[in-house]
Amino acid sequence: AVSGLMAKAVVSTQSTGDPEIEPGDIVIVLDEKEHPVYKRNGSDLAIEMNVKLVEALCGFEKLITTLDNRTLIVQSFIGDIIKPRDVKCIMGEGMPLLRDPFSKGKLIVQFNVEFPEKGDIPSATLQQIEALLPPREPIEKKPDMEEVMLSDYDASASAHQAYADDSDDEGGPGGPGVQCRTQ
């Protein structure tokens, strides 16, 4: 059994003093519903929190409404840098423990850092930001090295292109492809 409430609980009853009623067990089956914000893992709850780049670097205050409708102010201070997919926790804000309902598990927070879009920050401002950050690591360029550029990647278009490329092996568009032979 996991900590926190279980999906099936058995509760024993005592005799009511009525000899006509046989004492026994009452079986209670709980059906746990999905929550749009919280995910449950035993006695722990997990959420995702979006923070802007400035908040990840310089701190923030965010509000979280708990399942029992309390409002928590989550704080991160300057110097507590949040990286993309960082995970932090808030003790005692998860689900109540099965045998100790006054104790609770953790609220686990996974962070998504929102970066500015291309063109949102002027070049002059980017140069100012670069002057404030630790310097880039220099590389030694040699004559036999090639310089290449990164492009945006669309996974759905690449999957479609890979499917189209497979038809080339069968003599499809672009001429006959290489045929495999068993040896």
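Quick note: numbers below take in every heavy atom, side chains included, and nothing from hydrogens, waters or symmetry partners. The structure presented is a predicted model; accordingly, all values stated were derived computationally and were not measured.
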(message) Let me confirm one number: the CG-CD distance from Leu72 to Glu93, rounded to the nearest 0.5 Å.
(response) 4.5 Å
(message) Going by side chain to side chain contact (heavy atoms under 4.5 Å, CB included), Ile90 matches just one of Val74, Leu45, Ile47. Which one?
(response) Val74
(message) For the backbone of Lys106 and the side chain of Asp44, can you confirm whether one donor and one acceptor N or O come within less than 3.5 Å of each other?
(response) yes
(message) If we ignore hydrogens and angles and just use 3.5 Å, is the side chain of Thr66 paired with the main-chain N or O of Arg70 as donor and acceptor?
(response) yes
(request) State whether a side-chain donor-acceptor pair under 3.5 Å links Glu61 with Gln75. (result) yes
(request) Would you give the length of the straight line joining atom CZ of Phe102 to atom CG of Leu97, rounded to the nearest 0.5 angstrom? (result) 12.0 Å
(message) Could you report the tightest heavy-atom contact between Tyr38 and Thr65, atom names first, then the distance?
(response) OH-O, 2.7 Å
(message) Do Arg40 and His35 make a side-chain contact, defined as non-hydrogen atoms from C-beta onward lying under 4.5 Å apart?
(response) no
(message) Once rounded to the nearest 0.5 Å, what's the spacing between atom CD1 of Ile108 and atom CG of Asn41?
(response) 6.5 Å
(request) Measure the CG-CG distance between Asp80 and Leu57 for me, rounded to the nearest 0.5 Å. (result) 12.0 Å
(request) Any chance you could measure Leu53, atom CG, to Glu55, atom CD, to the nearest 0.5 Å? (result) 9.5 Å
(message) Looking at Asp144 and Lys142, is there a salt bridge between them, counting it only when a charged N and a carboxylate O are closer than 4.0 Å?
(response) no
(message) Let's go through Ile82 and Ser76 carefully: what are the C-alpha distance in whole Å and the side-chain angles of both, what is the deciding distance for side chain to side chain contact (heavy atoms under 4.5 Å, CB included) to 0.1 Å, and is it a yes or a no?
(response) CA-CA 8 Å; Ile82 303 289; Ser76 171; 4.1 Å; yes
(request) Using a 4.5 Å cut-off on heavy atoms from C-beta on, say whether the side chain of Glu147 contacts that of Lys141. (result) yes
(message) I need the minimum non-hydrogen distance between Cys58 and Ile78, along with the two atoms involved.
(response) O-CG1, 2.9 Å
(message) Using side-chain heavy atoms (C-beta onward) and a distance below 4.5 Å, is Met49 in contact with Lys62?
(response) yes
(request) Mind listing the closest non-hydrogen atom pair of Leu63 and Ile73 along with its distance? (result) CD2-CG1, 3.7 Å
(message) Assigning hydrophobic clusters by single linkage (Ile, Leu, Val, Met, Phe, Trp, Tyr; side-chain heavy-atom cutoff under 4.5 Å), is Leu67 placed with Val37?
(response) yes
(message) Give me the atom names and distance for the closest heavy-atom approach of Pro101 to Pro96.
(response) O-CB, 3.7 Å
(request) May I ask you to decide whether Asp68 forms a salt bridge with Lys104, counting only side-chain N to carboxylate O separations under 4.0 Å? (result) yes
(message) Tell me if the NZ atom of Lys52 is crowded by more than 12 foreign heavy atoms within 6.0 Å.
(response) no
(message) Could you tell me if the side chain of Pro84 sits less than 4.5 Å from the side chain of Phe115, heavy atoms only?
(response) yes
(request) Might you point out which heavy atoms bring Leu107 and Ala46 nearest each other, and give the distance in Å? (result) CD1-N, 4.5 Å
(request) Please say whether more than 12 non-hydrogen atoms of neighbouring residues, nucleotides or ligands are located less than 6.0 Å from CG in Leu150. (result) no
(request) Check whether any side-chain heavy atom of Asn112 lies under 4.5 Å from a side-chain heavy atom of Arg85, and answer yes or no. (result) yes
(message) Do Phe111 and Asn50 have side chains that approach each other closer than 4.5 Å (heavy atoms only, starting at C-beta)?
(response) no
(message) Just verifying a value: how many Å separate Met145 CE and Glu140 CD, rounded to the nearest 0.5 Å?
(response) 7.0 Å
(request) Locate the shortest heavy-atom distance separating Ile81 from Asp86; write the atom from each residue and the value. (result) O-OD2, 3.9 Å
